[in-house]
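This report concerns only the one structure given below.
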Amino acid sequence: MERARKWVQGVWFFLVNGYLAFPWTRTIYKGPMKVVCSPGLNCYSCPSSTAFCPMGSLQQLLANVRSSIQFGQYYVGSFVLGSIGMFGAVFGRFICGWACPFGFFQELLHKLPSRKFSIPAPLNWLKYAVLVLLVIVFPLIFVNSSGMGQPWFCKYVCPAGTFQAGIPMLILDPNLRGAVGWLFVNKLAIALSFTVWSVFASRPFCRTACPLGAFYGLFSRFQLIRLQLNEDNCTGCGVCHRVCPVDIKFNENPNSCECVNCMKCMTEACAFDAISVEVAGFPVFGPDLAKTRPSLFDGTLRKLRKKDKSA
């Protein structure tokens, strides 16, 4: 399963970065595919990108709200909001674990030999602050004289934009090098920090600063496709804790907003058929689907046995 996931991640990377003529055109792709929303974090300005970034588009939408209203134009942005809302409602953070290019990049870095460290749990909340402030609030509130805001996250933070767009465009277009200033240096420092951190800790950007992961995490309890815990089969052995790349105790918190749905807990850890993949409540994949949905009588009997043992 892990090998299959890596193949899917690689395929998605080339699907959303499939414009291979950029070394000759020396500019970003603006063809018909550019109206397609990338499910993962993938910079619009990347010269090979064939899709738009959901977070970048959302910021641009919000940054133009005041200016549009002043000119009597009322843009709802239903396509952008509908796209990321659909991805979240159907897949949730499956996208983070299976279709995000920058998540894939961090996983590859983490495979480099080094001493590994965990990330303190309170840092997981930072990405929600990034989502609320840099993606939503700041582009709406801080505007210039003409009512235009800025894409704060893209402009000041996003490491994916630095690696996918900033550095490649500087290489392709020498005329841009004269415009390099402290803003780019600051973004480059942020990108390099997350790069080094990824070697020692699993997916640090996803877990502490990614607003798209924070948005998808809001759907963890309601997404159509999800991992499901069968409490009757779970023995509480804790083996799933040790294989989780984002330090989740799945049997204690199966609806965690941090879960990237890599399925390692199901395919590499659980030996008691306690975890399955469900679509709209129906199991479609698991070690033994016959055991992932025990009858009501079996569940009641097990509970009675547990009570007898505790007594």
Side-chain angles (χ1 to χ4, degrees), residues 5-64 75-108 130-131 134-136 139 151-155 157-169 171-173 187 191 203 205-206 209-217 219 223 225 260-261:
R5 190 172 70 90
K6 286 291 183 288
W7 273 101
V8 172
Q9 287 175 303
V11 168
W12 268 109
F13 176 82
F14 286 106
L15 280 177
V16 296
N17 293 282
Y19 182 64
L20 302 181
F22 69 89
W24 296 273
T25 62
R26 295 180 176 273
T27 185
I28 65 174
Y29 171 76
K30 294 182 179 179
M33 288 296 294
K34 207 70 169 190
V35 300
V36 177
C37 179
S38 169
L41 200 69
N42 197 75
C43 187
Y44 177 95
S45 298
C46 173
S48 65
S49 176
T50 55
F52 68 82
C53 174
M55 288 293 100
S57 299
L58 180 59
Q59 289 170 86
Q60 290 290 352
L61 171 69
L62 296 174
N64 292 322
Y75 294 119
V76 179
S78 56
F79 182 75
V80 175
L81 296 174
S83 296
I84 60 178
M86 180 189 67
F87 287 141
V90 176
F91 301 104
R93 296 203 72 178
F94 263 99
I95 292 171
C96 300
W98 291 75
C100 181
F102 200 68
F104 183 37
F105 173 65
Q106 292 173 85
E107 287 188 5
L108 295 178
V130 173
L131 173 64
L134 299 185
V135 175
I136 299 174
W152 283 72
F153 173 72
C154 293
K155 185 174 182 179
V157 177
C158 185
T162 303
F163 286 135
Q164 289 186 286
I167 295 175
M169 289 308 299
I171 296 173
L172 292 173
D173 189 352
K187 284 195 65 177
R203 286 177 167 258
F205 177 75
C206 301
C210 182
L212 187 57
F215 177 81
Y216 287 148
F219 294 87
Q223 63 196 55
I225 304 174
V260 295
N261 299 284

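Residue numbers start at 1 and run along the sequence shown. Because the structure is predicted, anything quoted here is derived from the model rather than measured. Side chains included, hydrogens not; waters and symmetry mates left out as well; all remaining heavy atoms used.
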note = Nearest heavy-atom contact between Pro211 and Ala209 is CD-O, 3.1 Å
ask   = Can Lys34 be said to sit on top of Tyr44's aromatic six-ring, NZ or CZ under 6.0 Å from centre and within 45° of the ring axis?
value = yes
key: Test side chain to side chain contact (heavy atoms under 4.5 Å, CB included) applied to Val260 and Glu107, step by step   = CA-CA 12 Å; Val260 295; Glu107 287 188 5; 5.6 Å; no
request  = State whether the side chain of Ser83 and the backbone N or O of Phe79 hold a donor-acceptor pair below 3.5 Å, judged by distance alone.
outcome  = yes
note = In short, Thr162 meets Lys187 closest at the heavy-atom pair OG1-CE, 3.3 Å
remark   = Between Pro54 and Gly40 the two heavy atoms that sit nearest each other are CD-O, 3.7 Å
inquiry  = Set out, in order, the CA-CA distance, both residues' side-chain angles and the distance that settles side chain to side chain contact (heavy atoms under 4.5 Å, CB included) for Cys53 and Asn42, then state yes or no.
reply    = CA-CA 5 Å; Cys53 174; Asn42 197 75; 5.6 Å; no
Inter-residue atom distance Leu81.CG - Ser57.OG, 0.5 Å rounding = 10.0 Å
ask   = Would you call Tyr216 and Phe87 a side-chain contact if the rule is heavy atoms closer than 4.5 Å?
value = yes
query = Quick check: does any side chain N or O of Asp173 sit under 3.5 Å from a backbone N or O of Met169, one acting as donor and the other as acceptor?
reply = no
Spacing of CG belonging to Leu41 relative to CD belonging to Gln164, to within rounding of 0.5 Å = 7.5 Å
ask   = Looking only at heavy atoms, what is the nearest atom pair of Tyr29 and Thr50, with distance?
value = CD2-CA, 3.8 Å
key: Gap separating the CZ atom of Arg203 from the SG atom of Cys210, nearest 0.5 angstrom   = 9.5 Å
inquiry  = To check you understand the geometry: which heavy-atom pair defines the closest contact between Ile84 and Phe215, and what is its length?
reply    = O-CE2, 3.4 Å
request  = Grab the two heavy atoms, one from Ile95 and one from Pro39, that are nearest each other, plus how far apart they are.
outcome  = CG2-O, 3.3 Å
request  = Look at the side chain of Gln59 and the backbone N and O of Val135, then say whether any donor-acceptor pair between them is shorter than 3.5 Å.
outcome  = no
request  = Supply the atom-to-atom distance Phe13 CZ to Cys100 SG, rounded to the nearest 0.5 angstrom.
outcome  = 11.0 Å
message = Measuring from atom CE of Met86 to atom CZ of Phe219, what distance do you get when rounded to the nearest 0.5 angstrom?
response = 11.5 Å
inquiry  = I'd like to know if the side chain of Ser48 and the backbone of Phe22 have a donor-acceptor N/O pair within less than 3.5 Å.
reply    = no
query = Does the pair Arg93 and Cys206 meet the rule for a side chain to side chain contact (heavy atoms under 4.5 Å, CB included), with working shown?
reply = CA-CA 10 Å; Arg93 296 203 72 178; Cys206 301; 4.1 Å; yes
query = Should Val157 and Leu134 be marked as a side chain to side chain contact (heavy atoms under 4.5 Å, CB included) after you check the CA-CA gap, both sets of side-chain angles, and the distance that decides it?
reply = CA-CA 9 Å; Val157 177; Leu134 299 185; 3.8 Å; yes
key: Heavy-atom side-chain proximity of Ser38 to Phe52 below 4.5 angstrom   = no
query = Taking the side chain as C-beta and beyond, is there a heavy-atom pair between Cys158 and Met55 under 4.5 Å?
reply = no
query = Quick one: does Gln223's side chain get under 4.5 Å of Phe91's, heavy atoms only?
reply = no
query = Rounded to the nearest 0.5 Å, what separation is found between the CG atom of Leu212 and the SG atom of Cys96?
reply = 6.0 Å
inquiry  = Is it the case that over 12 heavy atoms from other parts of the model lie below 6.0 angstrom from the CH2 atom of Trp152?
reply    = yes
ask   = Aromatic rings Phe102 and Phe105: how do their planes relate, parallel, tilted or perpendicular, breaks at 30° and 60°?
value = tilted
